[in-house]
2 protein chains.
Amino acid sequence: MIRTIILGYLKYQPMTGYDLKQNLDHSISHFWHAHHSQIYTTLRKMEEEGLVTSEIIPQNGSPDRRVYTITPAGRKEVEDWLNQPMTTASTIKEEFLVRIFFSAERDPQEVIAELILQRKLHEEKLHVYLQLQEHLQNKIQKEFPQLARDVTFWLSTLRMGMRFEKMYMEWLDETLNEIQRLNEQK
Amino acid sequence: MIRTIILGYLKYQPMTGYDLKQNLDHSISHFWHAHHSQIYTTLRKMEEEGLVTSEIIPQNGSPDRRVYTITPAGRKEVEDWLNQPMTTASTIKEEFLVRIFFSAERDPQEVIAELILQRKLHEEKLHVYLQLQEHLQNKIQKEFPQLARDVTFWLSTLRMGMRFEKMYMEWLDETLNEIQRLNEQK
DNA sequence: ACCTCCATGTAAACTGTTACATGATTCA
DNA sequence: TGAATCATGTAACAGTTTACATGGAGGT
């Protein structure tokens with residue numbers, strides 16, 4: 001997956017591993033996170049496979065920048081992937097739900113404290129998404145009108161992020177109430 | 001993670017790798033999926049580490065069953081994990097959002113078709129959750145009253161699943177409308 | 001005759017995370 | 001003086017997926 005994401009970005013313009021990491025961290029990382037180590041090694045591997053080429057740009061002081069450019073073969077790989085529709089619903093991996101699943105015997109007060117903490121964390125995420133949305137709408141869309149169509153799609157994924165966080169918070173509230181009720185019954 | 005999940009299950013009763021797989025497939029797999037190969041190898045590793053013990057139960061015909069039992073050290077591992085509250089919001093990996101993120105240049109009709117297919121798939125998932133909910137409420141909860149408290153927590157995770165699928169469907173509808181609008185403008 | 005279920009495993013490949021490692025510049 | 005940013009990489013490990021492999025029992 002990270003290969004496709006890198007290629008998808010390089011379709012816009014040549015970039016270094018560092019640039020890619022910066023870009024990811026403010027966009028796709030919200031639904032597909034990657035460490036810089038993975039990005040650098042994947043870029044090297046893709047260069048061997050002829051999907052990207054690289055050129056070293058010397059810097060005054062500090063390490064040289066290695067700028068990667070997508071090749072026609074690289075373009076083909078992303079496009080083939082995009083043209084092959086997804087026929088399954090993606091499976092999620094949600095550690096917090098695993099915890100709740102096995103929490104029946106835990107001290108309810110500790111479970112409640114954990115739910116409250118999660119609520120705070122998800123609220124913060126929602127806040128980040130709201131700011132990103134504003135940034136996309138008020139800066140990117142105006143400064144780069146040629147990206148208008150792309151921004152529409154980026155905003156869609158952001159709206160999913162916001163829906164997700166709101167839904168998560170509602171569920172946390174619901175679960176909190178339920179555990180409190182369970183506690184009072186005894 | 002799969003280690004903890006296995007231990008969490010073995011706390012209820014001794015089980016074989018096969019049993020674990022069956023159980024997972026109808027519960028936790030909705031938010032943490034595992035293949036049988038991983039379960040079998042993890043069980044072996046955990047036996048070496050003293051977290052579980054195994055006993056072979058011969059079958060008439062067909063392979064023997066290897067039944068795993070949790071040890072005190074195993075119990076401690078799950079409990080320690082549960083007592084250490086989670087202090088981050090889990091990061092999601094949602095392949096479909098990656099696709100949407102990079103879909104600006106795709107043929108809108110194909111994107112729309114893919115959204116419609118996803119909608120169907122998520123509707124089916126919701127349906128499965130509804131059936132599981134009914135099963136938990138009307139069978140398990142009545143046949144095993146000693147599990148009442150556990151069932152409450154299991155139902156909570158199911159409700160998250162249902163909220164998630166509903167939210168996803170709403171987002172798909174929203175996105176579908178938006179792409180259609182985008183298309184008509186041109 | 002064929003499919004599904006029961007039941008177990010190994011091996012290889014792929015993917016992802018954590019830790020180690022360096023070093024200049026800029027800002028508080 | 002110390003932290004953050006720019007900029008790159010390697011190595012070891014952990015976790016996950018895919019493919020290969022076997023074979024009886026019971027139902028259609």
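In what follows, chains are A, B, ... by sequence order, proteins preceding strands, each numbered from 1. Reckoned from all heavy atoms, side chains included, excluding hydrogens, waters and symmetry mates. Owing to the predicted nature of the structure, the values given are computational and were not obtained by experimental measurement.
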Residue-phosphate contact under 4.0 Å: [X] side-chain N/O, [N] OP1/OP2:
X      : N       : answer
R3(B)  : dA14(D) : no
T16(B) : dT8(C)  : yes
Y18(B) : dC6(C)  : yes
Y40(A) : dT8(D)  : yes
R66(B) : dT8(C)  : no
H35(A) : dT17(C) : yes
R44(A) : dT8(D)  : no

**OP:** Between Y68(B) and K93(B), just flag the one whose closest nucleotide in DNA chain C comes earlier from the 5' side.
**Re:** Y68(B)
Original post:
How do V67(B) and I2(A) order along DNA chain C: which one's closest nucleotide is nearer the 5' end?
Top reply: V67(B)
Original post:
Looking at the rings of Y9(B) and F102(A), which for Trp means the six-membered one, are their centres under 6.0 Å apart?
Top reply: yes
Original post:
Centroid-to-centroid, Y18(A) to H36(A), below 6.0 Å?
Top reply: no
Subject >> Under 3.5 Å donor-acceptor pair, S37(B) side-chain atoms to dT18(D) base atoms >> reply: yes
Original post:
Any N or O donor-acceptor pair linking the side chain of H36(A) to the base of dG9(D) at under 3.5 Å?
Top reply: yes
Subject >> Shortest non-hydrogen contact between Q118(A) and T88(B), atoms and distance >> reply: NE2-O, 3.0 Å
**OP:** Check the distance between dT17(C)'s C1' and W32(A)'s CH2 and give it to me in whole angstrom.
**Re:** 15 Å
**OP:** Calculate the interatomic distance between D64(A) atom CG and dC6(D) atom C1'; express it in whole Å.
**Re:** 13 Å
Original post:
Just checking K21(A): base, sugar-phosphate only, or nothing, at a heavy-atom cut-off of under 4.0 Å?
Top reply: nothing
Original post:
Can you name the ring pair (Phe, Tyr, Trp, His ring centres under 6.0 Å) partners of H127(A), sequence neighbours left out?
Top reply: none
